[in-house]
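Have a look at the structure below, then the notes.
Only a predicted model underlies this, so the values are computations on that prediction, with no experimental measurement involved. Numbers restart at 1 for each chain; the letters A, B, ... are given by sequence-line order, proteins then strands.
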Amino acid sequence: MDITLVEESPFRFRIERRGAMRVPGTVFATRALLPEAAGDQALEQVANVATLPGVVRASFAMPDVHWGYGFPIGGLAATDVEAGGVVSPGGVGFDISCGVRLLAAGIDRDALEPRLRELMDVLGDTIPRGTGPGGLWRLSGRPQMEEVLAGGAGYAVEQGHGVPRDLTFCEDYGALEEADPSQVGARAVERGLRQVGSLGSGNHFLEVQAVDRVHDEKAAAAFGLRPGGVCVMIHCGSRGLGHQVCTDHVRVMDRSLRRFGISLPDRQLACAPVVSPEGRAYLGAMAAAANYGRANRQLLTEAVRRAFTSAAGVEVDLVYDVSHNMAKTETHEVDGVPRRLCVHRKGATRALPPGHPDLPGELSGAGQPVLIPGTMGTASYVLVGEPGNDAFLSTCHGAGRVWSRHQALRRVRGEELRGRLESEGVAVRPSSWRGLAEETPEAYKDVDAVAAATEGAGLARLVARLVPLGVVKG
DNA sequence: ATGTAC
């Protein structure tokens with residue numbers, strides 16, 4: 001499909017409705033941030049998503065948009081549940097509930113400096129990472145797995161892995177109630193039993209960071225962030241379990257497309273009506289996998305606390321935990337009428353404004369922290385949701401790739417990259433040289449520009465910029 | 001993203 005972009009306003013482009021598109025496309029970006037890497041078909045994907053049954057308002061792309069499976073990463077689409085709206089696993093991604101957790105440590109970067117290497121050594125020795133099995137919490141079998149799938153971070157805390165306060169600062173208080181563990185297959189369970197409490201690989205990481213700049217003092221203070229304060233950012237998902245759930249349900253939906261009379265421009269958009277047995281089965285399994293992802297981040301938090309206690313003697317509090325790969329049933333006004341929507345966020349972060357009923361009282365005045373991981377050589381951001389976000393209260397989720405993994409491997413060597421980062425003062429504890437090279441900072445868009453465009457487009461407001469002190473790489 | 005193909 002030929003894509004024509006119309007600049008509607010600064011930071012906002014429109015892809016005109018044409019062909020089978022039911023709604024236009026909306027791309028939040030600057031010209032410089034538009035995906036133009038050779039072969040990147042992200043904008044075609046934005047147009048493809050606009051053909052899905054029941055889609056409302058627009059098919060959205062965030063400033064970090066890039067090519068993904070079916071849907072672009074940095075993409076968002078909402079479908080009307082009562083008007084034949086579909087749910088598509090490709091709109092969530094293979095890594096269900098991939099997300100970010102930010103912790104604030106009771107120490108400043110200057111005070112931590114003499115202990116940083118030791119802290120990084122402890123983290124490097126204790127954080128399970130890389131592909132394959134190995135996690136901090138070995139589950140006994142399917143019955144205990146079902147507890148994790150139903151209870152998420154709440155079950156982990158119940159079992160002693162954390163404190164009740166943690167749950168207040170988790171999206172959905174740490175678990176989606178609509179999880180249906182019975183829809184998670186035997187193979188997915190098998191893969192997940194030995195991976196709770198592990199980072200995984202790819203772009204996943206655990207970073208010790210410092211608050212480099214505060215953009216909004218009031219919001220930063222409400223989130224427990226201060227200039228120079230030390231934070232820990234955890235970026236990971238639901239490992240092999242989520243991947244298997246996606247694989248299993250894509251297959252089912254692919255086979256049922258004809259029966260539902262759905263025709264698609266791309267088979268990777270396989271979907272089913274939200275209210276169909278196939279749609280409900282996927283959403284139940286997806287919510288269960290999402291809860292697994294939350295339990296995963298909860299377990300990693302426990303390891304971080306142990307490391308900070310032993311290496312620095314300080315405590316660590318949860319700032320927030322939010323997923324950026326998820327489909328949720330939410331009520332939003334469309335053309336002035338409240339509608340139940342299935343909101344697909346794939347590489348897009350929910351961003352609730354101050355006063356939103358889904359926020360805990362502790363965050364109601366400030367709004368929801370929006371956690372944006374950047375790259376290990378640059379920066380990450382904390383933003384806050386604001387009113388008037390017409391992308392169904394959603395923002396970007398990271399910097400967004402511009403080089404493929406293959407391109408990165410051709411241009412960068414892991415050993416060299418580690419030396420460069422260490423010389424810039426970032427301690428690196430890699431999992432593999434190859435994995436490190438694939439994640440080289442130049443493989444990503446400029447995260448400062450992405451954050452600025454996100455604010456410029458009115459999607460969220462900047463609160464703080466975080467810089468890496470040490471990275472444990474998945 | 002992923003026991004980086006069944």
Tell me: NE2 of A/His204 to P of B/dT4, nearest whole Å? 16 Å
In whole angstrom, give the distance that lies between atom CZ of A/Arg194 and atom C1' of B/dT2. 16 Å
Rounded distance in Å - CZ (A/Phe94) to P (B/dT2): 12 Å
Can you give me the closest heavy-atom contact between A/Pro128 and A/Gly197, atom names plus distance? CG-O, 3.3 Å
More than 12 non-hydrogen atoms from neighbouring residues, nucleotides or ligands closer than 6.0 Å to CD on A/Glu177, yes or no? no
Rounded to whole Å, the CZ-P distance (A/Arg129 to B/dT4) equals 20 Å
With sugar-phosphate meaning primed atoms plus P, OP1 and OP2, does A/Glu438 contact a base, only sugar-phosphate, or nothing at under 4.0 Å between heavy atoms? nothing
Could you tell me how the ring of A/Phe94 sits relative to the ring of A/Tyr69: parallel (under 30°), tilted (30 to 60°) or perpendicular (over 60°)? perpendicular
Between A/Glu439 (CD) and B/dT4 (P), how many Å, whole number? 18 Å
A/Arg101 and A/Thr301: side chain donor to acceptor below 3.5 Å: yes
N or O in side chain of A/Arg405 less than 4.0 angstrom from B/dT4 OP1/OP2: no
Taking 4.0 Å as the cut-off, does a side-chain nitrogen or oxygen of A/Ser201 come that near to OP1 or OP2 on B/dT4? no
Just the rounded figure in Å: distance from P of B/dT2 to CG of A/Asn325. 11 Å
Atom pair distance, as rounded to whole Å: CG in A/Leu199 and C1' in B/dT2: 15 Å
Assign A/Gly132 to base, sugar-phosphate, or nothing according to its heavy-atom contacts below 4.0 angstrom with the strands shown. sugar-phosphate
Using a cut-off of 4.0 Å on non-hydrogen atoms, how would the nucleic acid contact of A/Gly237 be classed: base, sugar-phosphate, or nothing? nothing
Please state how far atom CD in A/Gln244 lies from atom P in B/dC6, giving the value in whole angstrom units. 9 Å
